[in-house]
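From a predicted model like this one, the values you see are computed outputs, not experimental measurements.
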Amino acid sequence: MATKTLIEAVREALAEEMRRDPQVFVLGEDVGVRGGVFRATQGLIEEFGPMRVLDTPLAESLIVGVAIGAAAAGMRPVAEIQFADFIHPAMDQIINEAAKIRYRSNGSWSCPIVIRAPYGGGIHGALYHSQSVEALFHHVPGLKIVVPSTPYDAKGLLKAAIRDEDPVLFFEHKKAYRTVRGEVPDEDYVLPIGAADVKRPGRDLTVLTYGYTVHLCLEAARRLSEEDGIEAEIIDLRTLLPLDRKTVLESVRKTGRVMISHEDNKTGGIGAELAAIVAEEALFYLDAPIVRVAPPDVPAMPFNRVLEAAYMPTVEQQYEAMKNLARF
Amino acid sequence: MATKTLIEAVREALAEEMRRDPQVFVLGEDVGVRGGVFRATQGLIEEFGPMRVLDTPLAESLIVGVAIGAAAAGMRPVAEIQFADFIHPAMDQIINEAAKIRYRSNGSWSCPIVIRAPYGGGIHGALYHSQSVEALFHHVPGLKIVVPSTPYDAKGLLKAAIRDEDPVLFFEHKKAYRTVRGEVPDEDYVLPIGAADVKRPGRDLTVLTYGYTVHLCLEAARRLSEEDGIEAEIIDLRTLLPLDRKTVLESVRKTGRVMISHEDNKTGGIGAELAAIVAEEALFYLDAPIVRVAPPDVPAMPFNRVLEAAYMPTVEQQYEAMKNLARF
Amino acid sequence: MDNRHAALGLSDADVLAMYEKILLTRMVDERTWILNRMGRAPFLVSAQGQEACQVGAAWALRPGIDWALPYYRDLGVVLTLGMTAKDYMLGLLAKAEDPSSGGRQMPSHWSFPPLKIFTGSSPVATQLPQAAGIAYAIRLRGEDAVVYVSFGEGSASKGDAHEAMNFAAVHRLPVIFFCENNRYAISVPQEKQMAVDNVADRAAGYGFPGVTVDGMDPLEVYRVMREAVDRAKSGQGPTLIEAKVYRLAPHSSDDDDRAYRPQEEVEEWRARDGLPRFRRYLMELGLLTEETDRRLREQLAAEVDAAVEYAEKAPDPVPADLLRHVYGQ
Amino acid sequence: MDNRHAALGLSDADVLAMYEKILLTRMVDERTWILNRMGRAPFLVSAQGQEACQVGAAWALRPGIDWALPYYRDLGVVLTLGMTAKDYMLGLLAKAEDPSSGGRQMPSHWSFPPLKIFTGSSPVATQLPQAAGIAYAIRLRGEDAVVYVSFGEGSASKGDAHEAMNFAAVHRLPVIFFCENNRYAISVPQEKQMAVDNVADRAAGYGFPGVTVDGMDPLEVYRVMREAVDRAKSGQGPTLIEAKVYRLAPHSSDDDDRAYRPQEEVEEWRARDGLPRFRRYLMELGLLTEETDRRLREQLAAEVDAAVEYAEKAPDPVPADLLRHVYGQ
Ligand SMILES: Cc1ncc(C[n+]2csc(CCOP(=O)(O)OP(=O)(O)O)c2C)c(N)n1
Ligand SMILES: Cc1ncc(C[n+]2csc(CCOP(=O)(O)OP(=O)(O)O)c2C)c(N)n1
Ligand SMILES: [Mg+2]
Ligand SMILES: [Mg+2]
């Protein structure tokens with residue numbers, strides 16, 4: 001097993017799926033000779049040619065619409081939105097079309113597309129190259145939402161997404177692309193969509209998180225264990241829609257304390273639904289109020305490094321919140 | 001004071017604001033001679049002419065974009081999206097533009113626009129003329145979201161929205177348009193955005209709701225009082241962003257039981273954030289788990305009357321949920 | 001009267017069959033209004049005034065081979081491709097057996113996989129990028145099918161229409177963009193929608209041909225469609241066809257068109273209606289007589305009766321169906 | 001060499017001032033690359049190759065009266081309208097004093113209310129409907145201003161571009177749609193973006209003039225802009241101007257253009273660069289000498305030095321600023 005970066009895992013998953021199934025193709029802005037602005041599709045055009053590695057015009061609604069149509073005709077399109085911040089023009093095609101095609105046709109059509117998009121901040125991307133957009137889709141039945149935190153998860157989940165019968169939004173954290181490394185098997189494997197992963201077991205409190213923030217929480221949990229002897233259970237949700245309620249509730253019932261942490265701003269974030277599920281299903285197991293750790297409700301994170309740092313979650317913040325919760 | 005329907009209240013608010021301020025104008029599809037497909041703008045083109053009552057081409061992104069530009073130039077545009085279900089093509093202009101204009105310009109520009117849209121079901125509108133879309137915007141700082149339930153609130157809040165310095169989404173329930181009547185003062189008045197309204201005081205449980213569902217809950221509460229002697233406090237949120245946390249928390253701390261009810265599907269709905277706020281701020285006041293009463297997570301409500309009825313919230317459902325909660 | 005259809009390679013049987021479809025479309029539509037006024041059908045959108053162009057267009061397609069993304073007015077298209085009055089009535093009354101959506105969507109939101117009729121929604125113009133996507137798949141796999149996608153002139157104002165046409169041009173995709181210009185988007189007249197006379201004039205800006213055609217003449221429509229299909233199949237790319245038509249009825253059963261257009265205008269267009277015009281053509285050529293026409297109408301009326309009867313008796317979905325088909329398996 | 005500018009009503013002082021703006025734009029841009037390579041500026045987008053068209057276009061506007069919605073490459077436009085090298089450097093280094101966004105947005109996301117430069121975002125083409133909205137307000141109030149809105153040829157593929165141009169045509173709005181066609185949208189060459197030679201060809205489909213112009217020639221650009229401004233002011237409606245330019249630098253400091261275009265192509269275009277060409281023009285007319293040019297460059301270099309120095313010393317926003325300006329008051 002070799003150690004790889006998250007973006008290498010993404011690239012491998014794409015190449016292997018394209019080799020496995022001739023119906024799989026990628027489309028998006030600059031995915032061809034440029035290999036994607038983050039190089040996620042590097043080398044694909046050389047191997048699969050420009051028809052299966054399609055540089056589209058600059059038009060996100062088109063990209064998703066074309067993917068929907070191609071999927072109707074039996075293809076397995078993997079669309080790239082260059083930055084998650086630019087997915088908004090495609091929301092009609094995603095929410096009103098892709099998510100509703102199976103339902104509105106009473107099951108006679110389906111929409112097996114994957115929409116990949118780099119998301120997240122801490123990379124000096126400013127208001128429009130740093131956004132987390134998962135919460136904008138979390139309310140939409142018919143969609144699946146996957147956010148991997150490690151190279152292993154990224155590869156196994158992207159393969160699962162491509163083989164899935166329904167539309168999957170696949171968000172990849174930009175800061176994780178090259179800073180997060182991990183073991184990735186050489187053999188073909190898929191990971192189940194809809195299953196959370198306990199990244200660190202612990203008895204004292206439950207931390208629900210996903211994406212890059214998983215790593216901040218793991219780091220904070222290590223410190224909490226070493227310095228304070230408190231054991232946090234870190235649950236990486238991995239799939240945000242549908243949520244793995246079982247894993248979440250089991251952990252909460254065990255620890256009685258729950259913290260939810262994400263990089264996306266607080267109000268109406270994924271943390272809201274998680275807190276609601278716990279408050280509905282496990283209220284009397286709680287020994288402390290639910291805690292959401294999330295950036296403030298500002299429209300997006302700024303470019304200036306002082307302001308960006310003021311927005312971005314930190315290990316320190318996770319550590320303090322966990323400690324306070326454990327001591328409540 | 002005369003009794004009016006909700007749509008009459010909307011129409012009056014528009015006409016009065018247009019008389020008051022020459023910068024106010026309305027734009028949208030069929031708002032002119034047709035007077036809007038629901039007749040909300042009826043009579044306006046005769047009084048204010050086609051420039052201030054602008055029939056646009058069929059293009060929602062354009063409608064919002066034009067409103068943003070006109071607002072930048074000092075106008076007070078009131079855009080109509082014909083059905084909330086068709087707001088999705090404008091999401092980029094709403095979320096990436098309108099909501100961020102003040103923030104991204106460090107306060108040197110603002111975006112005082114109102115976007116009105118009829119929403120909601122129970123009117124045989126099927127998948128694309130029945131949607132509730134408020135939760136898709138609830139996560140977006142910079143926006144305000146208003147949903148009136150009565151003619152009085154509709155008029156006072158729409159006037160406030162038009163005079164507000166920030167972008168306001170104003171959702172009007174289609175079934176409420178002509179079925180809900182109420183007193184509306186003849187004098188000019190505005191109601192504060194951001195303030196919930198206790199539509200019925202009660203000591204035994206708190207019901208948080210908004211829009212048409214307010215009436216279902218009021219009806220259920222009357223029955224609950226008469227038949228079971230249980231007094232539910234019905235809070236009409238009226239503004240969904242920013243939420244009136246104070247009114248919500250005060251009531252919850254008083255009753256110790258909270259039910260949240262909306263017509264929008266459950267996962268990631270407004271109820272999620274409300275539950276999270278309560279679980280964070282008032283957990284130890286709770287005598288029962290939080291209950292969310294909302295339709296199931298299906299992509300949208302169907303046309304067939306059996307299926308539509310299976311989707312739509314009912315008085316019975318509210319009544320049962322309240323009773324169970326009170327007896328928990 | 002010249003025989004115009006022979007020159008187009010259409011047999012007498014063909015044009016009679018086309019006439020039958022135009023007539024069936026009209027009769028189904030008229031019946032729908034009656035059902036609606038009687039309170040037996042809650043909602044409808046009407047095809048009246050556009051049937052001739054619809055049947056002319058669909059006649060150039062190979063059902064089950066070519067793809068179709070018809071918009072909500074395209075009753076004539078789907079009936080020509082092979083959907084039946086019964087299929088339509090099941091959708092009109094939103095019954096469980098409705099092949100388009102099992103009663104979930106509004107009437108006239110077509111879907112029929114065996115005929116490669118892809119499911120459509122209410123938000124307009126979203127089908128254009130999807131049609132381009134299907135055409136891209138066809139091109140990628142080297143198939144010979146073409147894609148028909150239709151929309152109103154109002155919907156041509158949407159961004160999706162632009163993005164799709166431009167993309168189809170870049171890849172010379174086998175798509176026919178078929179615009180049924182009935183001069184109104186609900187109440188908004190063409191002059192408030194665009195500053196040009198023809199939607200078809202936009203095609204030049206993308207780099208493919210745009211043609212306007214009298215949409216009341218099914219043979220002319222067939223002719224330009226055939227040319228477009230031939231272009232598409234031979235790798236020459238898309239065509240934008242704009243059929244000049246008129247909506248003879250209100251926008252939908254919820255609309256009142258007297259608010260926004262003079263009834264003289266409606267009557268003027270009614271005088272040009274494609275159905276009686278085509279009937280006259282067939283009669284003057286001796287292909288149709290009052291007698292054969294009467295018999296045909298009787299036969300179609302019986303077909304429509306049977307469809308209504310079947311659909312009215314057909315069961316509704318059950319409440320539990322609400323939860324089906326959100327996700328696969 | 002003919003005096004071409006006199007015929008356009010431009011004085012010698014005017015063209016020297018235009019030259020100064022073109023040169024300033026280039027010098028600011030070059031300095032930015034140096035700062036970036038030194039690690040002193042984290043990110044940039046470059047205007048190199050497009051300055052001549054930008055200054056030519058902006059010269060036709062009345063600063064503070066006409067509106068501008070310049071896109072991220074339009075450094076030459078904003079400097080001509082009246083923003084300064086210092087304003088730019090404060091934005092480049094994202095300082096609290098940055099007039100465009102207080103350090104919130106990426107560099108080159110212009111905003112300057114006194115000059116009626118409306119705030120722009122990164123998502124491309126959203127400014128076109130907004131420009132149409134400003135123009136509609138102008139029309140509604142009977143003002144005499146015009147609106148300049150610019151975008152790349154890649155952004156012309158977006159739905160918003162279509163919707164805005166169509167609307168502007170319907171209402172004959174005083175907008176100038178200014179497309180800077182530099183042949184690439186990041187790595188995607190024009191052939192993969194469109195099947196026509198000219199974005200300007202689309203204007204006919206909306207019903208207003210579209211003109212292409214050599215964007216390396218500021219006088220030609222000024223000429224067509226003046227015509228467009230005159231049309232707009234006299235109620236004749238919008239114009240689409242397409243300036244043929246070339247991006248001489250990579251897309252941004254994060255880009256590597258060698259992956260997608262041959263360096264010979266870049267060199268070929270560099271030979272047509274508008275800056276030295278305009279310099280030659282002025283010299284041949286005797287309006288500029290090696291000596292005056294050298295002095296000008298020194299003066300501008302000093303201006304740029306001072307701007308960098310000021311900006312580098314200027315304070316960052318404080319963390320609490322993160323929470324400001326989400327809503328009014
Ligand atoms: C995106 C969107 N906005 C608004 C509507 C509401 N609506 C339904 S049909 C229609 C007019 C369509 O006009 P046109 O495209 O000309 O087709 P026609 O109905 O005239 O055949 C409108 C505005 C819609 N369905 N979709
Ligand atoms: C909606 C959207 N999608 C993608 C991007 C990412 N992006 C930034 S610039 C660019 C290319 C723009 O090309 P063009 O419009 O030709 O302008 P140029 O940069 O060449 O001047 C892309 C794809 C974006 N900013 N906005
Ligand atoms: Mg029409
Ligand atoms: Mg370009």
Is the closest side-chain donor-acceptor distance between [X] and [Y] under 3.5 Å?
X: B:E97; Y: D:Q127; answer: no
X: B:R104; Y: D:S101; answer: no
X: B:Q93; Y: D:D160; answer: yes

Check [X] against [Y] and note the closest heavy-atom contact, atom names and distance.
X: D:I134; Y: B:A73; value: CG2-CB, 4.2 Å
X: B:S108; Y: D:P99; value: OG-O, 4.5 Å
X: D:V326; Y: B:D166; value: O-OD1, 4.5 Å

Part of [X] within contact of chain B (heavy atom distance under 4.5 Å):
X: D:L173; result: neither
X: D:H171; result: side chain
X: D:R139; result: both
X: D:S121; result: both

To the nearest 0.5 angstrom, please state how far the [atom1] atom of [X] sits from the [atom2] atom of [Y].
X: B:S105; Y: D:I117; atom1: OG; atom2: CD1; result: 13.0 Å
X: D:M165; Y: B:L62; atom1: CE; atom2: CG; result: 12.5 Å
X: B:N106; Y: D:E97; atom1: CG; atom2: CD; result: 11.5 Å
X: B:L54; Y: D:L140; atom1: CG; atom2: CG; result: 8.5 Å

With a 4.5 Å limit on heavy-atom distance, are the side chains of [X] and [Y] in contact?
X: B:E165; Y: D:Q329; result: yes
X: D:T126; Y: B:D92; result: yes
X: B:M51; Y: D:Y136; result: yes

Is chain D contacted by the side chain of [X], its backbone, both, or neither, given a heavy-atom distance below 4.5 Å?
X: B:S61; value: both
X: B:A72; value: both
X: B:I63; value: neither

Is the number of heavy atoms from other residues, nucleotides or ligands under 6.0 Å of D:R324 CZ greater than 12?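 Not buried by this count: 12 neighbours or fewer within 6.0 Å.
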Exceeds 12 heavy-atom contacts within 6.0 angstrom, atom NZ of D:K233: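 More than 12 within 6.0 Å, yes.
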May I ask you to name which of [options] has the most heavy-atom pairs under 4.5 Å with chain B?
options: D:A145, D:G102, D:G133; answer: D:G133
options: D:E163, D:E143, D:H109; answer: D:E163
options: D:A164, D:A132, D:G159, D:P123; answer: D:P123
options: D:G103, D:S111, D:S100, D:G120; answer: D:G120

Using the ring of D:Y327 (Phe, Tyr or Trp, six-membered ring only), decide whether B:R102 places NZ or CZ under 6.0 Å from its centre and within 45 degrees of its axis.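 Pair B:R102/D:Y327 does not count as cation-pi.
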Over 60° means perpendicular and under 30° means parallel, so classify the ring planes of B:W109 and D:F118, tilted if in between.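 Perpendicular, since the angle between the ring planes exceeds 60°.
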